[in-house]
A.B. asks: 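This is the structure I have questions about; it appears just below.
Chain letters run A, B, ... following the sequence lines, proteins first and then strands; every chain starts at 1. Quick caveat, the model's predicted, so the values are computed rather than measured.
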Amino acid sequence: MKERLVTTVNGRRIERYVDPSMRLVDFLRDELLLTGTKIGCKQGECGACTIIMNGTAVLSCIMPVMKAMDAEILTIEGLEKDGTLHPIQDEFIKGGAIQCGFCTPGFIMGTKALLDENPSPTSEEVREELSGHICRCTGYKKIEEAVLKAAERLREEKDD
Amino acid sequence: MTKYVGKNIPRLDGYDKATGRGLYTTDVNLPHMLHAAVLRSPYAHAKVVSIDVSEAEKMDGVVAIATRDNTPRTYFNVTASMILTVPPAKPVLDQQIFPDVVRYIGDEVAAVAAETLEIAKEAIKKIKVVYEELPAVYDVEEAMKDGAPQVQPDFSPGNNLCGGVIKIRQGDVDAAWDEGEVYAEHTMYLPRVKQAQLETHGAVASYNPDGNLKVYSTTQTPYPCKVIIATVFGMPSSYVRVKNPPHVGGGFGVRIGISAKAELIASALSIIAKRPVKYIYSREEDFLASDTRHGGLIKCRLAAKKDGTFVALDAKACMNTGAYATFGPDLVAVLGACGIAGIYGIPNIRYDGHAIYTNQQTAGAFRGYGTPQGTIATEMCVDSIAKQLGMDALELRLKNTTRVGADWWFPYPVKSTYLNECLEQCAESIGWKEKRGKKQTGTIRRGVGIACGTHVSNAAPFCVDYDAAYMRIESDGTLHVASSIPEIGPGVTTGLLQIAAETVGVPLETSRLAYGDTDVGPFDIGSHASRTLYAVGHLFVKIGKELKKQILEWAAKFLYVDVETLDLVDGEIIGSCEKSRLCIKPMPLGELAYEAHLRGKQFLVHGCEVPPNSPPWHAHAAEVEVDMETGMVKVLKVAAAHDVGVAINPVLVEGQIEGAVAMGVGYAIREEMTYEEGKGFYNDSYHKYMLPTMDEMPEIDTIIVDAFDPAGPYGAKGIGECGLVPTAPAIISAVEDAIGIRFYEMPMTPGRVLKKIKEVYGDDLENL
Amino acid sequence: MKYLIANSTAEVLEFLKEAGGTASILAGGTDLILDIESGKKKADTLVDVTRIPELKKIEEVDGFLEIGAAATLTEIQKNPLVRKYFPSLAKGCKTVGSSLIQNVATLAGNVITAQPAADAGMALSVLDPRFVLVDEEGTRECGVDEMYAGFGVSTLDSGRTLMTKIKIPLPNKNEAASFQRLELRKSLSLPMLNVAAMASIKDGKFEWVRLRMAPVGKGPVRAAEAEEWLVGKEVSAETFKKAGELALENANPRSNPLRGSKEYRESTLPVMVRRALLEIATQLNVMEG
């Protein structure tokens with residue numbers, strides 16, 4: 001039986017009838033064609049599917065789609081504005097924090113949620129908060145550096 | 001002065017990847033597409049007596065079912081070794097899409113394509129298979145015994161030896177052995193570990209009844225993948241197109257050739273259904289039904305003089321290659337060559353490599369391709385000799401490392417090595433002099449260790465290994481390069497375009513490399529053996545120079561000047577002031593290319609090259625902390641020094657080193673696939689496989705030593721695999737320094753470590 | 001499947017009744033969703049309780065800290081009251097899965113899924129928590145040992161009963177709690193062992209100790225022998241050592257292919273117990289850490 005879902009994704013109001021046993025990640029990828037959100041394990045163990053829901057970073061792969069009811073969802077596709085990259089995206093590219101890129105959208109969304117809440121994280125806080133994201137390519141060093149750089153840039157932008 | 005080579009150009013696929021726009025195989029959706037699921041063997045070894053698909057067929061939404069009864073019976077090898085083995089050696093072709101005898105828990109029995117993945121999964125459960133169980137063998141030593149169950153009786157009659165014994169010989173070990181004054185002899189037991197790349201194996205195959213087959217794939221070697229598919233299905237190779245979409249979520253060796261069996265199963269179903277079929281491995285399937293790194297054991301002994309000079313090295317490796325050959329025989333060769341015979345100048349070397357069949361999932365290529373295993377074995381003996389001689393482990397290494405021009409086993413010369421610089425610089429970074437050998441007491445103990453190694457910059461001339469590509473100038477003067485190489489993550493497509501733009505003399509900003517598609521580029525062996533930047537770079541330098549020459553020759557005629565007076569710099573034809581009118585105003589290449597276009601001329605070159613080979617060198621030093629009461633080993637720091645020749649893009653090189661260090665740390669202390677008889681491997685998910693997370697990473701000091709290789713493009717060498725090679729042995733050495741115990745079994749999990757501590761120190765560990 | 005979003009406790013009970021036992025309450029759902037898919041658990045209807053305001057509250061009421069059953073592990077571990085009174089609970093909540101899991105998973109769920117080594121539930125178990133349960137018959141409270149029926153099995157039937165909150169008595173000045181975790185990886189992994197303790201120390205002696213350990217049996221297992229023995233004992237390294245040895249009397253760990261053999265767990269359990277007791281002594285400034 002399908003149920004009515006009303007939600008907002010990347011600022012766009014969406015109303016659909018969905019199978020409530022569907023997971024949110026499948027709704028985003030298969031119904032809305034927002035394939036930037038990746039599936040690495042579908043068990044909540046790799047972070048590739050991370051999106052931001054009502055300001056919090058969550059794993060869309062183990063989330064029932066109906067949890068999105070009346071929620072504000074931000075996916076990787078909603079981060080760039082008119083072709084201008086968000087500073088986090090920019091620093092990930094410049095800093096060599098991206099290799100195969102499969103973990104990247106999840107990492108960037110996790111970083112966004114982290115920096116929204118804590119604009120000046122320490123290295124240790126970055127590591128703790130982002131440890132639910134597995135990257136098998138980078139050894140995490142350049143990711144950590146990119147997150148700290150992006151934090152600095154966002155603080156500067158805020159001051160301006 | 002170079003304009004692009006040696007510069008930290010941000011990777012060119014960054015925008016695609018950072019915004020989620022870029023497509024991976026799992027993101028590909030084609031019209032009328034079906035979804036596939038696979039039925040896998042629950043037995044380690046069994047005859048498939050019968051397969052009844054009638055119930056599954058009746059299900060609504062089931063469109064095609066593939067079994068051994070309606071798919072090709074061709075024997076193949078999922079790896080590129082199928083098409084790159086140099087005669088007279090022959091590739092071991094021991095796999096079928098759906099075999100009559102299943103040989104490990106997870107072996108493929110049948111596949112279903114249905115309107116949805118849920119239906120396909122349900123249908124799988126309704127297929128009835130009758131198996132007749134056969135005796136199975138899991139352990140290498142058991143499998144080598146007389147009378148052991150036969151895993152592949154057709155391919156290794158009478159034993160379980162896959163592909164014969166691989167022998168490496170230099171000098172005469174038996175004759176030289178007595179010249180030694182100190183001896184080390186140990187056996188190292190190595191675990192199976194998993195690549196665990198973020199994107200699981202997958203393929204979307206679209207068969208058109210006109211005979212064409214297009215396959216979107218996660219392969220790291222598109223062209224070999226295409227050739228294998230064509231061979232298995234008996235199709236004209238020209239009808240098969242393999243395409244990365246173009247992004248691939250990591251590789252690390254696990255998809256050199258076919259991505260496990262994804263492309264073959266998706267294609268088989270698509271041919272039956274005549275509709276596109278998508279088959280994406282679940283994480284569990286990826287863990288349990290695709291190649292791992294080889295575990296097994298290596299016996300190694302080393303003879304040395306009292307002054308520390310190495311005299312003879314003798315090693316035997318018995319590696320568990322699992323149910324099918326995949327890369328087994330090739331890999332044990334590299335293990336011996338790079339891991340045993342390459343690092344030190346030793347006049348007498350003997351190595352026997354055995355790839356052993358067992359009833360476990362296959363082991364194949366994984367970053368380092370045997371070299372990490374061999375290096376661990378060699379370095380355990382080197383440390384042992386140092387200890388016996390009371391000599392500093394760093395000094396002993398510096399004394400024995402392979403030198404430029406060395407008379408070594410490899411068929412190509414050592415034109416450069418900065419290995420001693422690597423050793424010295426990583427030792428300096430870790431604080432070797434102050435920390436090594438410092439007596440430790442109490443519950444938490446620290447130590448430092450060091451190890452070094454070498455590898456290859458491609459696989460020539462050991463196997464068929466070459467590249468072909470096209471280069472052209474568009475009518476507006478911009479550069480377009482076409483190759484079928486993949487981009488699995490390291491950023492080679494950026495580094496290679498840096499080389500191309502530099503060589504031709506055009507702006508990188510307007511240059512483009514089309515890649516990852518066998519309809520776009522000609523033959524390329526693909527990404528393996530730390531080769532892509534080095535080998536394809538070598539080709540790009542060659543054809544880039546030809547393209548430049550072609551442009552300048554045409555320009556000279558067009559401008560009525562001598563070609564010697566012209567040059568192409570930064571997209572402009574410039575001339576020498578003495579003779580040429582161009583002295584006053586450089587001519588944009590775009591103008592020239594358009595003039596050429598108006599006259600029916602495109603500047604266009606192609607090339608096909610077997611690369612030279614240059615050994616890269618590397619040394620790592622590690623610092624660890626060991627908790628004597630729990631056996632917990634914590635890696636505090638890894639200093640990773642690398643001779644990569646010239647780093648074409650230093651940030652990308654650092655990325656390769658750091659990522660490989662992380663894998664090496666996991667290999668040393670945590671990662672392991674554990675087999676449970678009757679159930680299979682326990683480690684079916686990230687949650688059950690202890691690869692490092694961000695909060696577990698040690699500090700990494702990444703050091704690229706100042707170096708240059710005369711054979712490599714712009715002086716570069718390979719790097720992709722190297723960071724993994726010396727990491728684990730450096731950590732083992734550091735643990736020995738901390739607690740006085742050498743480990744001959746990996747990984748050094750708390751359980752293993754505590755057991756040894758108790759053996760050595762007794763049960764009362766509280767008051768040490 | 002039906003998915004119902006409840007706005008009040010009464011509505012939850014109404015939905016559960018309508019479903020006649022075939023429904024399941026869903027909070028974070030980080031385990032439930034996977035368990036339903038794998039067939040381990042069944043539910044025709046999911047009742048989402050995460051939007052009930054009273055279930056989200058974390059507040060101090062009449063000498064108790066009350067944690068709403070839908071409060072997430074992140075909300076709990078960041079809560080100033082939790083950090084002030086029960087830092088060990090914050091620590092336990094922070095080790096469940098990863099921060100991404102903690103952002104949706106709940107402490108109540110960590111107890112109800114009844115996995116023996118569940119870190120948050122373990123850290124909670126020694127704090128003398130009272131679980132407030134509501135069903136058709138009314139409201140009742142129960143303690144830790146009444147919650148665990150078996151390995152991964154709760155006594156609470158999520159098709160009929162709702163946990164609304166967890167009440168924890170506030171500690172006295174001379175009381176403190178600790179949580180120790182022996183782990184292969186800080187994130188995305190279950191512990192090899194975890195130990196939680198709470199104690200009251202007066203004049204350098206233990207007045208009482210609550211000590212639990214996992215996974216060494218069903219749920220958080222009480223180290224009853226050690227608890228009894230510790231009463232009145234001097235706070236010292238010797239005492240911790242003996243307590244560690246006694247803890248083994250109540251522990252029956254199993255071998256796990258990844259997270260340690262029975263022997264390894266038996267070797268290290270006393271170490272974890274010692275460290276847990278030392279952590280308490282350190283917090284109360286009785287000893288140096």
Side-chain angles (χ1 to χ4, degrees), chain B residues 117-118 121-122 125 191 196 282-284 443-444 627-634 665-666 669-677 679-697 747-759 761-767, chain C residues 1 30-31 34 36-39 94-101 115 117 180-195 236-245 248 253 255-275 277-278 289:
Chain B
L117 184 56
E118 289 67 32
K121 282 183 185 167
E122 276 307 306
K125 293 181 195 158
S282 68
R283 181 52 63 187
E284 184 183 1
T443 303
I444 305 294
D627 184 331
M628 298 293 280
E629 290 184 318
T630 61
M632 197 67 70
V633 175
K634 190 177 177 191
V665 170
I669 64 170
R670 289 289 180 271
E671 295 181 33
E672 179 174 30
M673 302 276 287
T674 305
Y675 197 77
E676 296 181 287
E677 210 171 310
K679 292 184 188 168
F681 282 102
Y682 173 79
N683 320 78
D684 61 1
S685 58
Y686 282 127
H687 166 76
K688 291 184 187 167
Y689 187 75
M690 293 294 122
L691 55 78
T693 47
M694 200 173 190
D695 50 6
E696 294 287 344
M697 280 306 295
M748 294 177 288
T749 53
R752 272 194 193 104
V753 174
L754 187 64
K755 197 169 166 220
K756 282 279 171 202
I757 289 175
K758 286 193 165 192
E759 278 172 27
Y761 292 85
D763 277 337
D764 186 13
L765 300 170
E766 196 190 352
N767 304 302
Chain C
M1 181 188 277
T30 51
D31 285 323
L34 296 174
I36 289 174
E37 189 174 280
S38 71
K94 209 169 162 42
T95 55
V96 176
S98 68
S99 64
L100 295 167
I101 296 281
Q115 292 300 325
Q180 288 284 329
R181 185 179 204 258
L182 190 60
E183 60 204 2
L184 286 168
R185 196 166 66 187
K186 290 190 196 77
S187 300
L188 300 170
S189 103
L190 292 170
M192 292 192 284
L193 278 177
N194 52 18
V195 168
S236 72
E238 292 305 304
T239 302
F240 300 163
K241 188 176 179 184
K242 177 74 180 164
E245 283 159 15
L248 285 172
S255 284
N256 177 283
L258 178 68
R259 290 184 299 278
S261 64
K262 180 178 173 63
E263 295 71 36
Y264 177 75
R265 286 170 161 175
E266 283 174 346
S267 296
T268 47
L269 180 64
V271 179
M272 289 296 107
V273 168
R274 274 199 267 125
R275 291 181 183 180
L277 293 172
L278 176 63

A.B. asks: Between Ser187(C) and chain B, with a heavy-atom cut-off of 4.5 Å, which part of the residue counts as in contact: side chain, backbone, both or neither?
C.D. replies: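 Both the backbone and the side chain of Ser187(C) come within 4.5 Å of chain B.
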A.B. asks: Given a strict heavy-atom distance threshold of 4.5 Å, which part of Tyr675(B) is in contact with chain C: side chain, backbone, both, or neither?
C.D. replies: neither
A.B. asks: Using side chain to side chain contact (heavy atoms under 4.5 Å, CB included), reason through Thr674(B) and Leu258(C) one step at a time and then give a plain yes or no.
C.D. replies: CA-CA 8 Å; Thr674(B) 305; Leu258(C) 178 68; 5.8 Å; no
A.B. asks: Under a 4.5 Å heavy-atom cut-off, does chain C meet the side chain of Asp627(B), its backbone, both or neither?
C.D. replies: side chain
A.B. asks: Does Lys186(C) form a side chain to side chain contact (heavy atoms under 4.5 Å, CB included) with Thr693(B)? I'd like the steps, not just the answer.
C.D. replies: CA-CA 8 Å; Lys186(C) 290 190 196 77; Thr693(B) 47; 5.6 Å; no
A.B. asks: Is it the backbone or the side chain of Ser685(B) that comes under 4.5 Å from a heavy atom of chain C, or both, or neither?
C.D. replies: neither
A.B. asks: Grab the two heavy atoms, one from His687(B) and one from Leu190(C), that are nearest each other, plus how far apart they are.
C.D. replies: CE1-CG, 3.7 Å
A.B. asks: Side chains of Ser267(C) and Lys758(B) only: does a donor on one sit below 3.5 Å from an acceptor on the other?
C.D. replies: yes
A.B. asks: List the steps, then state whether salt bridge (charged side-chain N to carboxylate O under 4.0 Å, His left out) holds for Glu263(C) with Lys755(B).
C.D. replies: CA-CA 9 Å; Glu263(C) 295 71 36; Lys755(B) 197 169 166 220; over 6 Å; no
A.B. asks: Pair Thr749(B), Tyr264(C) - check side chain to side chain contact (heavy atoms under 4.5 Å, CB included), show working.
C.D. replies: CA-CA 11 Å; Thr749(B) 53; Tyr264(C) 177 75; over 6 Å; no
A.B. asks: Above 12 or not: heavy atoms from other molecules or residues under 6.0 Å from NZ of Lys679(B)?
C.D. replies: no
A.B. asks: Within the distance-only criterion (no hydrogens, no angle test), does the side chain of Arg259(C) pair as donor or acceptor with the backbone N or O of Lys688(B) below 3.5 angstrom?
C.D. replies: no
